[in-house]
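What follows is a short report on a single structure.
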Amino acid sequence: MPELPEVETMRRGILPALGSRIVDIQKPRCRVKPIEVTPPPAEFRRRAKGQSICAIQRVGKRVVLRLDSDDTIVFEPRMTGLVLVADPPTLAHLRFRLDLEGGPISQILFWDRRGLGNVRLLSPRQFDQQLGPDKLGPDPLEIDADELRDRFKTSRREVKTALLDQRAIAGIGNLYASEILHRAGIHPQKHCNRLNVEAWNRIHAATLEVLNEAIRYEGSTLSDGTYRNAQNDPGGYQHHHRVYARAGQLCSTCHDQTIVRIVQSQRSTFYCPACQPKRRRARLT
DNA sequence: CCCCAGTCCTGCGGGC
DNA sequence: TGCCCGCAGGACTGGG
């Protein structure tokens, strides 16, 4: 499930396409239901053809290609989407192709097993409407602890659920929310408005540590094997998860308690009851 | 503002 | 061996 580290890895994998020119786009027919591509291929092709890629960015969990025309091409992988320069895992789920010339990469592919993702070509105005600050919060790697706290401190929501709100901050998903709170030593069911400055400082530091470490390992490829980098190679951060999908296993940090799985907002949360106590531990002596 | 349930979609694994 | 069902959780929507 691509979150910030996986999408950032995809972005880095297609950086060699910077400066290349788009010569064509294709929406291959495949046996599964087609994904959303907007606008339809004819208009998409007309507006993209001949354009050079002048920037390759990430906005939350999306990869964004900026074109000379000021239009953008946005890849949104959602659950199972991949942005590839190598051969895709299966041909049946290849959803979109950009043909390039003038650089080392001849094509960028969008592959998506479940097909919940999408590819869009957006005008500057559409970009602001769909990916602007009204829709997406800042990047968690770009803000300081004070801004992080300001964005959540009055919320009565449980902190793990709140971290998934892309309007508050954009890029954290279900996996990294659990990992971040474990690293910060914060119980996932604590309410945001009950956390003090020191707690937010710890969440901020843990966010930087976990996300940057995950980027260094090129993201997490879970047991279903779906996530791949642009070269179709798996990531390595799954070997460093401390809580995610480890229910029943001994906590690798405290070696005292086993990891617990609970459900919040219909999503799995994993935490360690010893490292992430619900109440502040009573002062001893 | 907040929260929940339902929706999209496919492949996989458990149970019978 | 085959079939059904639940599950995974990104983003979005409608209703309370």
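Lettering follows sequence order; numbering is per chain, from 1.
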Taking the nucleotide of DNA chain B with the nearest heavy atom to each, does A/Glu158 or A/Gly115 sit closer to the 5' end?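 Going by which nucleotide is closer to the 5' end, it is A/Glu158.
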
Assign a letter to each nucleotide of nucleotides 10-16 of chain C from its 5' end: B, base within under 4.0 Å of a protein heavy atom; S, sugar-phosphate only; -, no contact. BBS----

Pairs touching [range] that satisfy salt bridge (Lys or Arg N to Asp or Glu O under 4.0 Å), sequence neighbours left out:
range: residues 79-103 of chain A; value: A/Arg21-A/Glu101, A/Arg97-A/Asp99
range: residues 226-236 of chain A; value: none
range: residues 102-118 of chain A; value: A/Arg113-A/Asp224

Near-strand residues of residues 210-222 of chain A, defined as heavy-atom separation under 4.0 angstrom from DNA chain B: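 When residues 210-222 of chain A is checked for heavy atoms under 4.0 Å from DNA chain B, there are no hits whatsoever.
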
Would you mind classifying the nucleic acid contact of [X] as base, sugar-phosphate or nothing, using non-hydrogen atoms under 4.0 angstrom?
X: A/Thr161; answer: nothing
X: A/Phe152; answer: nothing
X: A/Arg261; answer: sugar-phosphate
X: A/Ser265; answer: sugar-phosphate

Separation of atom CZ in A/Phe270 from atom C1' in C/dG9, rounded to whole Å: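 Rounded to the whole Å, the gap is 12 Å.
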
Check this one for me: any side-chain N or O of A/Tyr227 less than 4.0 Å away from OP1 or OP2 of C/dG9?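 Checking A/Tyr227 against C/dG9: no side-chain N or O falls below 4.0 Å of OP1 or OP2.
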
Anything below 3.5 Å on both distances counts as a pair; with that, list the stems of at least three consecutive Watson-Crick or G-U pairs involving DNA chain C.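 Counting only runs of 3 or more consecutive pairs, the stems involving DNA chain C are B:2-8 with C:10-16, B:10-16 with C:2-8.
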
Do A/Gln126 and A/Arg120 meet the criterion of a side-chain donor-acceptor pair at a distance under 3.5 Å?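 Checked: A/Gln126/A/Arg120 side chains show no N/O donor-acceptor pair below 3.5 Å.
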
Is the closest side-chain donor-acceptor distance between A/Thr9 and A/Glu218 under 3.5 Å?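 No donor-acceptor contact under 3.5 Å links the two side chains.
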
May I have all residue pairs that pass ring pair (Phe, Tyr, Trp, His ring centres under 6.0 Å) and include part of residues 188-234 of chain A, sequence neighbours excluded?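 Sorted result for residues 188-234 of chain A: A/Phe152-A/Trp200, A/Tyr217-A/His240.
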
Check: A/Ile172 main-chain N/O paired with A/Gln166 side-chain donor or acceptor under 3.5 Å: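 Looks like yes, one N/O pair under 3.5 Å.
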
Between A/Lys278 (side chain) and A/Pro188 (backbone), is there a donor-acceptor pair under 3.5 Å?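 No.
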
B/dC9 and C/dC3, which share atom name P, separated by this distance in whole Å: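 The answer is 23 Å between these two P atoms.
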
Whole-Å P distance, B/dG11 and C/dA11: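 Straight-line distance between the two P atoms is 22 Å.
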
With a cutoff of under 4.5 Å between side-chain heavy atoms, which Ile, Leu, Val, Met, Phe, Trp and Tyr residues group with [X]?
X: A/Val260; result: A/Ile262, A/Tyr271
X: A/Val59; result: A/Val64, A/Val74, A/Leu122, A/Phe127, A/Leu131, A/Leu136
X: A/Leu164; result: none

With sequence neighbours excluded, tell me which residues meet side chain to side chain donor-acceptor pair (under 3.5 Å) with A/Glu3.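 Applying side chain to side chain donor-acceptor pair (under 3.5 Å) to A/Glu3 gives none.
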
What is the 5' to 3' range of DNA chain B, first to last nucleotide, that sits under 4.0 Å from any heavy atom of chain A?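 Terminal contacting nucleotides, 5' to 3': B/dC2 to B/dG11.
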
Of all heavy-atom pairs between A/Gln57 and A/Arg11, which one has the smallest distance, and what is that distance?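 Result for this residue pair: C-CD, 3.4 Å.
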
Would you name the heavy atoms of A/Asn118 and A/Ile35 that are closest together and state the gap between them?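 That closest heavy-atom pairing would be CA-CD1, 4.2 Å.
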
